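Please read the structure below before turning to the comments.
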Amino acid sequence: MGTPAPSPAAPSPTPSPASDGSNPADAYRPLAWGRYLETLKAFKNRPGSVEKFKERVWWIADTFTKYQGRLFDANDLMACMSFESAGTFAADVKNPKSSATGLIQFMSATSRDVLKIDHASLAKMTPEDQLNEVYKYFKWVIDTFGPVSGTADTYMAIFRPATVGKPSETPLFVRGTDAYAVNTGLDTNRDGRIMKAEAAAKITERLALGMLPENMG
């Protein structure tokens, strides 16, 4: 997975979103896809769940911005979760072709090696509580590969963490590998290489859509 970058010098943020001192006012800070959450099955019939979800997203973003000394954008995280969860923001959404589950499509190996939890437990969480695992995962990426800042690197932290901080022309997968075959749709110019910029373009599109007036809130 590449040579780990030095950990940030700042002290480790120890609270989790589930036990933090998040500010209820954060629920009213404009957030990409924030208004859209109110229409989703994952939050229906659970009063206050949308507000709590938004508070915790802002807590994650503000905590990591301070921790790494660079902006960790809440809107970029929302765009990634929208894309990864196929617009559902559901904790139990699964990829039928793999073990990937939840808001950022955690793999079973990630649950075991990074989160230190039983993979099946992810699908039993509420979306707002699964943000605790999202926080733990990004904390691991930042400590292992360096600061996560910008739309492309926020997605790379999920999709290909070893490329965090690398140039946009960095190749992720090449033709002839299993990883390329699975992700061939990302090779938009069909040159046999999936570049970091090509993969991140999908998230840039999702971010722009999430920031439309009908979805932002």
Side-chain angles (χ1 to χ4, degrees), residues 1-2 4-23 26 31 33 37 42-43 49 52-85 88-95 98-165 203:
M1 297 181 69
S7 297
S12 173
T14 53
S16 69
S19 61
D20 70 357
S22 56
N23 186 351
D26 286 342
L31 187 64
W33 296 107
L37 294 177
F43 300 92
S49 58
K52 181 58 69 176
F53 188 92
K54 291 168 63 178
E55 287 173 32
R56 292 180 180 175
V57 168
W58 277 115
W59 183 87
I60 290 171
D62 293 343
T63 297
F64 285 144
T65 294
K66 182 178 179 180
Y67 180 51
Q68 64 184 10
R70 298 186 191 179
L71 177 66
F72 185 102
D73 197 311
N75 295 311
D76 289 337
L77 178 58
M78 287 292 287
C80 289
M81 292 191 292
S82 173
F83 181 75
E84 290 291 289
S85 69
T88 67
F89 287 89
D92 60 354
V93 62
K94 295 184 178 181
N95 185 325
S98 73
S99 65
T101 302
L103 294 170
I104 60 171
Q105 292 293 278
F106 295 106
M107 300 295 288
S108 57
T110 302
S111 297
R112 182 189 66 237
D113 299 336
V114 177
L115 306 180
K116 310 298 184 184
I117 63 171
D118 176 58
H119 188 67
S121 68
L122 288 167
K124 300 175 184 178
M125 298 176 182
T126 63
E128 58 270 28
D129 284 344
Q130 198 179 94
L131 283 173
N132 183 49
E133 308 309 319
V134 172
Y135 165 82
K136 286 162 58 178
Y137 176 78
F138 274 93
K139 171 66 166 53
W140 171 78
V141 172
I142 291 169
D143 287 344
T144 305
F145 300 101
V148 172
S149 188
T151 306
D153 274 346
T154 304
Y155 183 51
M156 287 304 108
I158 299 168
F159 186 64
R160 192 71 165 164
T163 64
V164 166
I203 309 303

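Since the structure is predicted, the reported quantities are computational estimates derived from the model, not experimental observations. FYI, the numbering just counts along the sequence from 1.
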All side chain to side chain donor-acceptor pair (under 3.5 Å) counterparts of [X], not counting sequence neighbours:
{"X": "T154", "answer": "none"}
{"X": "S98", "answer": "none"}
{"X": "S111", "answer": "H119"}
{"X": "S121", "answer": "none"}

Residues forming a side-chain contact (heavy atoms from CB on, under 4.5 Å) with [X], sequence neighbours excluded:
{"X": "A42", "answer": "A90, P127"}
{"X": "A152", "answer": "K196, A200"}
{"X": "V114", "answer": "T110, Y137, W140"}

What pairs with F159 under ring-ring contact (aromatic ring centres under 6.0 Å, His included), at least two apart in sequence or on another chain?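 Listed in chain order: Y155, F173.
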
Which heavy-atom pair separates [X] from [Y] by the least distance, and what is that distance?
{"X": "Q68", "Y": "P147", "value": "OE1-CA, 3.2 Å"}
{"X": "A91", "Y": "T101", "value": "O-CG2, 3.7 Å"}
{"X": "V93", "Y": "Q105", "value": "O-NE2, 3.2 Å"}
{"X": "W58", "Y": "D26", "value": "CD1-O, 3.2 Å"}
{"X": "G146", "Y": "V164", "value": "O-CG1, 4.1 Å"}

Rounded at 0.5 Å granularity, tell me how far [atom1] in [X] sits from [atom2] in [Y].
{"X": "E84", "Y": "N95", "atom1": "CD", "atom2": "CG", "answer": "9.5 Å"}
{"X": "C80", "Y": "L103", "atom1": "SG", "atom2": "CG", "answer": "11.5 Å"}
{"X": "M125", "Y": "D92", "atom1": "CE", "atom2": "CG", "answer": "12.0 Å"}
{"X": "F53", "Y": "L31", "atom1": "CZ", "atom2": "CG", "answer": "8.5 Å"}
{"X": "F64", "Y": "I142", "atom1": "CZ", "atom2": "CD1", "answer": "4.5 Å"}
{"X": "F83", "Y": "I158", "atom1": "CZ", "atom2": "CD1", "answer": "10.0 Å"}

Got a list of side-chain donor-acceptor pairs under 3.5 Å for residues 69-78, not counting sequence neighbours?
from	atom 1	to	atom 2	distance (Å)
D73	OD1	N75	N	2.7
D73	OD1	N75	ND2	3.4
N75	OD1	A32	N	2.8
D76	OD1	T151	OG1	2.7
D76	OD2	T151	N	3.2

Compare all side-chain heavy atoms of [X] with those of [Y] and state whether any distance is below 4.5 angstrom.
{"X": "N23", "Y": "W59", "answer": "no"}
{"X": "M81", "Y": "I104", "answer": "yes"}
{"X": "F106", "Y": "Q130", "answer": "yes"}

Could you work out, with salt bridge (Lys or Arg N to Asp or Glu O under 4.0 Å) as the rule, every residue matching K136, not counting sequence neighbours? E133

Less than 4.0 Å between a side-chain N and a carboxylate O, is that true for K139 and D143?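 Looking at K139 together with D143, the answer is yes, because their closest N to O distance falls below 4.0 Å.
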
State whether D129 and K52 are salt-bridged, where the test is any N-O pair (Lys NZ or Arg NE/NH1/NH2 against Asp/Glu carboxylate O) under 4.0 Å.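 Salt bridge between D129 and K52, a charged N being under 4.0 Å from a carboxylate O: no.
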
